Amino acid sequence: MIITKEYFKKLYLDKFQSMHGKEITEATPMDQYLTLGAVIRDFISRKWIASNNTYATMEDKETYYFSLEFLLGKLMNANLLKLNLGEICTEALEELGIHLDQIEELEPDAGLGNGGLGRLAACFLDSLAFLQLPGHGCGIRYKYGFFEQKIVDGYQVELPDNWLKYGNVWEIRKADKAVEVRFGGNVRLDQADGRTLFIHENFDPVLAVPYDTPIVGFRNNTINTLRLWSAETTMKDFDFSTFNRGDYLNAVKYKYEVESISQVLYPDDNHLEGRVLRLKQQYFFVSAGIQSIVRRYKKHHADLKYFHERVAIHINDTHPVLAIPELMRILIDEEEMGWDEAWEITTRTISYTNHTILPEALEKWPIDIFQTLLPRIYMIVHEINERFCSSLWQKYPGDWNKIRSMAVLSDGYVHMAHLAAVGSKSINGVAKIHTEILKNQVMSNFYDYYPHKFNNKTNGITPRRWLLKSNPKLAHLITDTIGSDWLQDSKKLQQLEHYAHDPVFQEETHRIKQHNKAALAALIQDKYQVAVDPNSIFDVQIKRIHGYKRQVLNVLHIMNLYNRLREDPNLDIHPRTFIFGGKAAPSYYMAKQTIKLINTLASVVNQDSRIKDKLKVIFMENYNVSLGEQIFPAADVSEQISTASKEASGTGNMKFMMNGAITIGTLDGANIEIKEEVGKDNIVIFGLTADQVLKYYQEGGYNAWNLYHGDSRIKTVLDQLVNNFLPVGPDEFRSIYEGFLYHNDEYFVLKDFSSYVDAHNQINQLYNNRYKWLQMSICNIAHSGKFSSDKTISEYARDIWNIHTIPIPDQPMF
Ligand code: 26W
């Protein structure tokens, strides 16, 4: 059915009246937004039902992506694009006096993630639906998402992200699908018919209530489901037993404690704080998710023996690793299966991705805490460990050190990555180099033991959001130039290479970049009252603030450049605007000081008229998905400067590339594969290699003081951190200074400083050759299809999950 503008208007007006019971002329912007959400939902719902019915009745496999984080961003515009309703909707609403772009602004970002891992999960869901693959998400419906960042006096201040304040137009609460999750208590053993029974008693029950969000396929009929669980008290426990005993205050406290499980996303990124509530969150959603999958399976299949042929469960890092013992528990305790059969099924169902090698991010939980909270799960983990250690003993008799280093339980801890390695069929890293480091360093013992489990799946990003939605002008230019096939197959972007030297195409690309830069400059002017010149080079580092990502290296280079400009205001450099964005974990002092340092430097540089506007520094507050959508299309230079070996993959690097920015980066994560794709002349590489870094860590021999004394540029900028050069107390940045000199520069910032400065000089030269720069930029766009999450997901589907395309039949619209 063709939807006309008139028809859309009628749908909208009817919906408005039935929802709000007043005239459209009295609509508030929020009324307008909620009405449009409801209209779009109606377009989705038929297809959603059809997708669910198709999946339920097919004889094929479905996959479930378990993740503690899903960083979706806004959905309205994305859904309109996918349903191909954007134009009709814009025009219809205009005639009603409603501006779509204005009401879209009202939608809060769904910010249920910290950074890379959470956004990857969102891109993967998008690609699953695009590829018509039966794959769903499972996570937590946090009441508060990732905190909102305000900058006050240069410092980060955290505010709660109350994203559900006005309701959520996309979710549907499924109260009838709620399940119970049990914490604490004790396990009593009993015997029946020659079987040992494990009876979990005196537990605290928590009701897990699912909220389903449709994941819309791009111009197809597929609607998959993201199921997020919310923690509630079971009515019977709250209202009747406790309350009736007259213990009102305790009843309220109990309700509060239960609900706290899905209250807030932990803002930890690459660092485990180890709060018991986090472990509760992990078991809560994993148990609820697996129970609901088993329940659904049993509706259509009699025998759990074939579970792994119908269900694949993927765990996004170790956060959902309790899926392994939880599936064992259900198969053994509830389905009365024997251990060996249950283990066979579990280890054929579950697959695991590792996203980080930083030791402080590897999850481990004290055994006593684990056992108290999850007594039955602990017994199962204990048994897994016993059996695993005895098989290790077979292979490595007497090698206690090796066995201890691989055990699931050792030194008083449950080691979650070891549990993941033992209990899943596949272990993958997220970029080639990362997988190699896993195999040869971090998990080398496991690689020796289970070589067949290891594989690489280089990350990707969805071109629907990161090109089509966020950079519509570039998307149109591409379609005008090579046709629209790239929308169905991102590899086709490669055809743009033929136009890399075409002056007309170059000029069009340039015009669009300037347009996007002007829009970002206007936003910066509006928000921060700083004038930045769209003709300057926009050099951008947006990502979490972390020592290993080395925002401080970027800062030291800017300080050096500033020093050069003050010495010689006529220095022949192309004007630069350095843009930063990113959040620090609230308890990460050094990261927060880095934000203060960037803002302090900005306040000095931006006001210094001597340097003739050749340098500007901007810190953009509250970096999130929506802000990213405005920044990536406006970037000329992409800063990917992690200490080599530390950034597992990176995905921001791919978003910049897809929007035509040139990478300045180390040979780390996916930068290496970007270099392989575009060739060494279309990327600017600097710094230590991963091998060199790892060698330093193993053998020592690095001395930061030597660099400080040996390079006057380094000495000057480090001294400027503590000598009143910056308008703060002399101790404000002492910790950063001491990190370099007294803690020997853990992330090799000083070591890479010189080659980083050279790399920036190279950027300057390249940019001054407009023809060359545009050719490089187009080459990057042309090769970005390699980093489409469609490609990544096709590989997961083929190599790990064994799931297949399941087209959903056309549905009558209403
Ligand atoms: C336990 C605390 C904690 C929280 C989050 C530890 C680790 C994490 C994540 C695994 C950190 C993360 O987001 N890693 C990033 O994952 C991206 C997607 O694969 C990669 O592109 C990034 O390089 C990696 O840092």
Side-chain angles (χ1 to χ4, degrees), residues 65-71 112-124 139-140 146 265-279 281-282 314-322 352-365 413-417 420 427-435 437-438 442 456-462 466 542-550 582-588 591 628 640-657 665-666 668-674 690 787 789 792-793 796:
Y65 197 81
F66 276 45
S67 178
L68 208 46
E69 306 187 8
F70 288 94
L71 191 45
L112 308 184
N114 271 282
L117 163 126
R119 182 56 228 179
L120 186 75
C123 284
F124 279 5
I140 296 180
F146 194 28
L265 166 76
Y266 274 100
D268 302 357
D269 182 78
N270 273 305
H271 181 82
L272 178 68
E273 289 251 12
R275 305 285 172 125
V276 68
L277 182 57
R278 184 176 164 97
L279 185 59
Q281 291 184 329
Q282 296 184 350
H314 199 86
I315 57 175
N316 199 18
D317 214 276
T318 55
H319 319 153
V321 75
L322 297 178
Y352 156 63
T353 299
N354 174 289
H355 295 267
T356 182
I357 60 156
L358 297 195
E360 64 270 30
L362 296 183
E363 289 195 292
K364 52 181 195 172
W365 293 95
Y413 287 95
V414 184
H415 296 268
M416 306 297 249
I427 302 166
N428 76 280
V430 290
K432 277 186 200 165
I433 185 180
H434 170 60
T435 301
I437 293 174
L438 282 181
V442 181
N456 177 247
K457 295 284 168 284
T458 299
N459 283 165
I461 57 168
T462 167
W466 299 111
I542 43 175
K543 49 179 79 243
R544 287 299 291 264
I545 312 293
H546 202 293
Y548 85 84
K549 295 181 188 278
R550 301 200 296 188
K583 296 177 185 176
S587 60
Y588 191 172
Q640 306 302 334
I641 60 177
S642 52
T643 310
S645 80
K646 304 249 172 214
E647 188 70 273
S649 160
T651 43
N653 45 5
M654 303 167 183
K655 293 162 199 164
F656 281 110
M657 176 193 192
T666 48
D668 199 17
N671 299 351
I672 295 175
E673 287 156 79
I674 292 179
F787 302 100
S789 48
T792 314
I793 281 296
Y796 276 91

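The basis for the numbers below is simple: all heavy atoms, side chains too, and nothing from hydrogens, waters or symmetry mates. Remember, it's 1-based here, ligands and their atoms both numbered in the order they're listed. In this text the structure is predicted, and so the values were computed from the model without any measurement.
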Checklist outcome for this item: Within the 4.0 Å heavy-atom cut-off, what Asn270 brings close to ligand 1 is both
Item to check | Nitrogen or oxygen atoms of Ser649 and ligand 1 under 3.5 Å apart | outcome: yes
Checklist entry - Polar-atom distance check: Gly650 versus ligand 1, any N or O pair below 3.5 Å? => result yes
Checklist entry - Are Phe124 and His314 close enough that their ring centres sit under 6.0 Å apart? => result no
Next on the checklist: Under 4.0 Å, counting heavy atoms only: does Asn459 come that close to any atom of ligand 1?
Outcome noted: yes
Checklist entry - Quick check: does Ala648 get an N/O under 3.5 Å from an N/O on ligand 1? => result yes
Checklist entry - In chain order, what residues pass the ring pair (Phe, Tyr, Trp, His ring centres under 6.0 Å) check against Phe656, with sequence neighbours excluded? => result Phe632
Checklist entry - If you measure from each heavy atom of Arg278 to ligand 1, is any distance below 4.0 Å? => result yes
Checklist entry - Is it true that Glu273 lies under 4.0 Å from ligand 1, counting heavy atoms only? => result no
Next on the checklist: If you measure every N or O of Gly115 against every N or O of ligand 1, does any of those distances drop under 3.5 Å?
Outcome noted: no
Next on the checklist: By the definition side chain to side chain contact (heavy atoms under 4.5 Å, CB included), identify the one residue from Asp668, Asn671, Thr666 that meets it with Gln640.
Outcome noted: Asn671
Item to check | Short N or O distance, His355 and ligand 1, threshold 3.5 Å exclusive | outcome: yes
Checklist entry - For ligand 1, is there an N or O atom under 3.5 Å from any N or O atom of Glu69? => result no
Checklist entry - Looking at ligand 1, does any of its N/O atoms fall within less than 3.5 Å of an N/O of Glu647? => result yes
Report all side-chain donor-acceptor pairs from residues 268-275 shorter than 3.5 Å, counting only partners two or more places apart or in another chain.
unit_1	atom_1	unit_2	atom_2	d
Asp268	OD2	Glu273	N	3.3
Asn270	OD1	Thr356	OG1	2.6
Glu273	OE2	Ser587	OG	2.5

